[in-house]
Student: 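This is the structure, below, for whatever I ask next.
Atoms within a ligand are numbered from 1 in the order they appear, just like the ligands themselves. Nothing here was measured: the structure is a model prediction, and the numbers come from that model.
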Amino acid sequence: MSGGTKLIIVALIVTGLYAWFGNSIPQSAWEAPQKKVLTPDMKPAELAEAGRDIFKRAGCGVCHSVRGETLRGPDLSRIGAERDAEIMAAILYNGTDVMPAANKAPAYLNDAEITAVVAYMQSLGGRPKVKIGDIKSGGLE
Ligand code: HEC
């Protein structure tokens, strides 16, 4: 066998070993965090629970604490006792000079997701009451 042939055989064996080793490592598929499906039959308390995740995902927590701290925006730990759903929905759809509207960039929440966030905020210092369908672009039905 010539030196060149030997080298090719060694190279093939090494490649084969790497392939075998690579395949022996258990593969775990990466999955995006599951978006919870929001349906009209969900109880306000279930919506509030989903709303807590949406609140996190939408980045509300960058500016709002729910445990008494003042960040860029006001603390929301008692917002459910302080504001009704109509006011919450209005601020979420309209935003302010500082706060981006929740249905626009960067959060792009839809009506159902905004309703869930409102239910979550109602639960902070109060009781969740809204259901899917209660809040549609811009206000309470
Ligand atoms: C860039 C910072 C920022 C982000 C992000 C933000 N907010 Fe705000 N938010 C504010 C500020 C600041 C105010 C107070 C009004 C003002 O000065 O513009 C406010 C006001 C509010 C109010 C009214 C509070 C009150 O006492 O009446 C609610 C409710 C609220 N935000 C909810 C949310 C939710 C829910 C999200 C996520 C979808 C969010 N905010 C994202 C900054 C932010």
Student: Check whether any side-chain heavy atom of L92 sits under 4.5 Å from a side-chain heavy atom of N103, and report yes or no.
Tutor: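 No; the side chains remain at least 4.5 Å from each other.
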Student: Considering all heavy atoms of both residues, which atom of D111 and which atom of I135 are nearest to each other, and what is their separation?
Tutor: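 Reported closest heavy-atom pair: CB-O, 3.9 Å.
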Student: If you count the non-hydrogen atoms of other residues, nucleotides and ligands that lie under 6.0 Å from CD in E46, is the total more than 12?
Tutor: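 Check passes, neighbour count above 12.
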Student: By number and element, which atoms of ligand 1 are closer than 4.0 Å to a non-hydrogen atom of V117?
Tutor: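 Heavy-atom distances to V117 below 4.0 Å select 35 (C).
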Student: Mind checking how many protein N/O/S atoms fall short of 2.8 Å from atom 8 (Fe) of ligand 1?
Tutor: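 Excluding waters, the total comes to 2.
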Student: As an exercise, state the distance from CE of M88 to CD1 of I79, rounded to the nearest 0.5 Å.
Tutor: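 So the CE of M88 and the CD1 of I79 are separated by 5.5 Å.
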Student: Heavy atoms only, cut-off 4.0 Å: how does L92 contact ligand 1, side chain, backbone, both, or neither?
Tutor: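 Just the side chain.
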Student: Geometry only, no angles: is R83 polar-contacting ligand 1 at N/O separations under 3.5 Å?
Tutor: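 For ligand 1, there is an N or O atom that lies under 3.5 Å from one belonging to R83.
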Student: Is R57 salt-bridged to E113, cutoff N-O under 4.0 Å?
Tutor: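 Salt bridge between R57 and E113, a charged N being under 4.0 Å from a carboxylate O: yes.
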Student: Can you check whether S65 reaches D75 side chain to side chain, under 4.5 Å on heavy atoms?
Tutor: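 Yes, their side chains come closer than 4.5 Å.
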Student: Just say parallel, tilted or perpendicular for the rings of H64 and F55, cut-offs at 30° and 60°.
Tutor: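 It falls in the tilted class, 30° to 60°.
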Student: Kindly indicate whether the side chain of P44, heavy atoms from C-beta on, has any atom under 4.5 Å from the side chain of K131.
Tutor: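 Yes - at least one pair of side-chain heavy atoms lies under 4.5 Å apart.
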Student: Give the residue and atom name of whichever protein heavy atom lies nearest to atom 29 (C) of ligand 1, and the separation in Å to one decimal.
Tutor: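 The closest heavy atom on the protein side is M121 SD, 3.7 Å.
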Student: Does only the side chain of I79 get under 4.0 Å from ligand 1, or the backbone, or both, or neither? Count heavy atoms.
Tutor: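 Near ligand 1, I79 shows its side chain, while the N, CA, C and O stay back.
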